[in-house]
Amino acid sequence: MEEIKITKELIEEHGLTEEEYELIKRILKREPNLVELGLFSVMWSEHCSYKSSRIHLKKLPTEAPWVIQGPGENAGVIEIDENFAAVFKMESHNHPSYIEPFQGAATGVGGILRDIFTMGARPVLSMDPLFFGKPDKPHNAYILNGVVSGIAWYGNCIGVPTIGGQTFFASCYDHNPLVNVMNLGIARKDRIFKAKATGVGNPVIYVGSKTGRDGIHGATMASDEFKEDAEQKKPNVQVGDPFTEKLLLEACLEAMEKELIVGIQDMGAAGLTCSTSEMAAKGGTGIEIDLDLVPQREENMSAYELMLSESQERMLIVAEKGKEKELIDIFKKWGIDAVVIGKVTDDGLLRVKHRGETVAEVPVKYLAEETPVYNRPAERPAYLDEVKELPSIPEPESLKDVFLSLLASYNIASKRFIWRQYDHMVQINTVVYPGSDAAVIRVKGTDKGIAASTDVNPRYCYLNPKEGAKQAVAEAARNVACSGAMPRAITNCLNFGNPEKPEVMWQFIQAVEGMAEACRALETPVTGGNVSFYNETLGKGVWPSPTIGMVGILKDVRKRLTQFFKKEGHIVVLIGKNRGEIGGSEYLHLIHDMVRGMPPAVDLEYEKRIINALVELAEREVVASAHDVSLGGLAVAIAESCMNPEGFVGAEVELNDDIRPDFLLFGEEQGRVVVSLAEERLEELKEIARKHRLPFKVIGRTTKSGSLLIKGEGFNLELTRGEILDAYNILNRTFDPMMPDS
């Protein structure tokens, strides 16, 4: 295969332009052979090189006193306390999950887990932001079920709890589901491992599963939009084995504990090619490997196939010379292949040998660092002129019918049928389960807790990418603060269409700038993430979907909060101000079939104040619950607060704002939180709210009536517990008919 003639058609098949091929020839000072063409193809793909996004990602803030490791490693790291650190990252597995939903999602989980334990951390929580076409279409339901099953299977088998996420439905995802997976692990601050190949002469060791032909050119596939032949790309989808990954995890952590590892990297996208070239480039060295030594599960694999395979559950390790046997013995004890396949060199080259010949010799810096960078044209989409204005909105005949419809809408209704498939209690660290604003785990051996939330409203980002990205950061921070944790940093997964289209590039640039602005204002730097472009099929792309994964730290995990009212007789208070903003709202889309208007504006200085107030309210144990007002507006937020899993808590609320009733109840203006508290703590709440210059008002009281009553000027809206739960559980009944309402 290495002697195949390089033609224009072959170059195009590898996703390279003529200009890029000419650059390869200048770098090598000769024509590449097929193996070398493959190396450049995967490493210069959008998925690996970030060639369209890199110049814009530099706008993101990445530093803070609590950030130990920012972008550039397998995962970001922030400080928990003087001894421990949180290691976290979010990635996408979008294209594979459309082609083969179960394995596409499962291997997405496996890949992000390896990113975490590669750093020396034990994975302790996963989250799954998912975006699907509307589930009333059979194919969308098939993809949803396959993706959720794959996430559940891999996470449950390996023993890492999936404890949160989000699920958003829109028709733009019919042929482009987005499967984003976040994982967080805990490590000792003095035991963070990097992906660097240092020490000339040190052995390079392959560990993990044997290499097969699955996943070849997966990175290239993820850097192109789908056409009619998407189903034919199934060979590009890897196959996962969580049981092997569990053994690999334990073996790696044991080797790290015994200080046998110099550098380590997951063989993820682009497999051996990526891990060898990136480790050498980061270490300022070279690597030489012999592919004859690579464990293989298929016969007669070529050098091209071995270098580009994306078989799962594999790692590349650089060990200290003389200690390789001790390391290999650890992996053998765990039943894992471990083989010396090469060594670190001083010439800056990736040198690949196969069957006695050198089949590739490429400077690593041109594979991993000095790759092409494009400042692509950007142009504001014409559709924004049409959608920015709101026409006259007719008032609904029945506010109650609208309220019940919103509770039953795909984007608001309970997703318990998803997360009940996940083992969210394994490792017994989980203290706030899925279903509240943020998930919370305890950090064993300390008083600390970690809160995490993933958020984005793609409809907002479609209408205004910059404001939508700001809102995603602000809402994620607000959700974490509603649990009592101080937001500290984010990871992200930036899902967009084809960057070669100026309109898509404009959306991306605007979203990055909005995210950067919000992260600076809220002091939540970006520690890493993922860009997923080319989420298009037959020319139709997804809405801009820059998913935010926010991590916060609780000083005392015992003081955590949830969104649910706790008992009757508590005062219900709204922090924030009602304005009746319905642009981009679920109400406008569901009831009036419109995706129009400007999404609600975000006041970042105010958001910082409400975050600080929420953390103080939790630390002083003033409030019993806190719930962010978001999708569906204030009425939905109050109803969600009533639905305590331990028993429904009713409420009577009175809203006296001079705002049109449907806009008041279902508008989605930002910066609002519904809290409940014992009446004797009300003065403390007022003191804290005034200290942070926050508007607030007492709007009601919890009851034991088993119903929700919301009164206002010209309306009296009452829903029973049965009516609320019947609407809210519509998806649970559809996808899991045996599940009881709660």
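For reference, positions follow the sequence shown, starting with 1.
Residue Lys332 places its NZ atom among 12 or fewer non-hydrogen atoms of other residues, nucleotides or ligands, all under 6.0 Å distant. Around the NZ atom of Lys246, the shell of radius 6.0 Å holds more than 12 heavy atoms that belong to other residues, nucleotides or ligands. Atom NZ of Lys137 sits in a sparse spot, with 12 or fewer heavy atoms from other residues, nucleotides or ligands closer than 6.0 Å.
Side-chain contact check for Val124 versus Val160: every heavy-atom pair is 4.5 Å or farther apart. Between Thr276 and Ile289, some side-chain heavy-atom pair lies under the 4.5 Å cut-off. Annotation: side chain of Asn535 is in contact with side chain of His95 (closest heavy-atom distance under 4.5 Å).
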(request) Take Glu79 and Lys189 through the test salt bridge (Lys or Arg N to Asp or Glu O under 4.0 Å) and record every step on the way to the result. (result) CA-CA 7 Å; Glu79 180 180 82; Lys189 278 174 64 177; 2.6 Å; yes
(request) Evaluate the side-chain contact (heavy atoms from CB on, under 4.5 Å) criterion for residues Phe88 and Met127: first the C-alpha distance (whole Å), next the side-chain angles of each, then the deciding distance (0.1 Å), finally the verdict. (result) CA-CA 11 Å; Phe88 58 99; Met127 306 188 83; over 6 Å; no
(request) Run the numbers on Asp190 and Arg188 for salt bridge (Lys or Arg N to Asp or Glu O under 4.0 Å), then give the verdict. (result) CA-CA 5 Å; Asp190 60 350; Arg188 291 243 322 255; 2.8 Å; yes
(request) For Lys282 and Lys194, run side-chain contact (heavy atoms from CB on, under 4.5 Å): C-alpha distance rounded to whole Å, both residues' side-chain angles, the deciding distance at 0.1 Å, then the answer. (result) CA-CA 9 Å; Lys282 288 176 183 176; Lys194 306 287 182 71; over 6 Å; no
(request) I would like to know whether Glu326 and Lys323 meet salt bridge (Lys or Arg N to Asp or Glu O under 4.0 Å); could you show each step before the answer? (result) CA-CA 6 Å; Glu326 188 178 352; Lys323 294 185 178 180; over 6 Å; no
(message) With side-chain contact (heavy atoms from CB on, under 4.5 Å) as the criterion, how do Ile151 and Leu130 come out once you've worked through the C-alpha distance, each side chain's angles and the decisive distance to 0.1 Å?
(response) CA-CA 11 Å; Ile151 291 170; Leu130 306 173; 3.9 Å; yes
(request) Test Met315 against Phe117 for side-chain contact (heavy atoms from CB on, under 4.5 Å), laying out the working first. (result) CA-CA 11 Å; Met315 311 283 267; Phe117 69 78; 3.6 Å; yes
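Of the candidates Val531, Val179, Asn176, Leu178, Asn495 forms a side-chain contact (heavy atoms from CB on, under 4.5 Å) with just one, namely Leu178. For the side-chain contact (heavy atoms from CB on, under 4.5 Å) with Met119, the qualifying choice from Gln69, Arg191, Lys89, Met256 is Gln69, the only one to do so.
Asp174 and Asn140 form a side-chain donor-acceptor contact under 3.5 Å, judged by distance and modelled atom types alone. Under 3.5 Å, the side chains of Gln427 and Arg122 contain no donor-acceptor pair of N or O atoms. Side chain to side chain, Asn530 and Ser92 meet the donor-acceptor criterion of an N or O pair below 3.5 Å. Donor-acceptor pairing under 3.5 Å is lacking for the side chains of Thr211 and Arg297. For the residue pair Asp214/Ser311, the side-chain donor-acceptor check at 3.5 Å is satisfied. Between the side chains of Glu245 and Gln312, no donor-acceptor pair of N or O atoms lies under 3.5 Å. For the residue pair Tyr534 / Asn94, no side-chain donor-acceptor distance below 3.5 Å is found, with atom types taken as modelled. There is no side-chain donor-acceptor pair under 3.5 Å between Lys415 and Gln166.
Under the 30°/60° scheme for interplanar angles, the aromatic rings of Tyr173 and Trp543 are found to stand perpendicular. Taking the six-membered ring where the residue is Trp, Phe417 and Phe735 present parallel rings, their angle staying beneath 30° rather than reaching 60°.
Salt bridge Glu298/Lys210: absent, no basic N to carboxylate O contact under 4.0 Å.
Remark: Tyr154 pairs with no residue by the ring pair (Phe, Tyr, Trp, His ring centres under 6.0 Å) rule, at least two apart or across chains.
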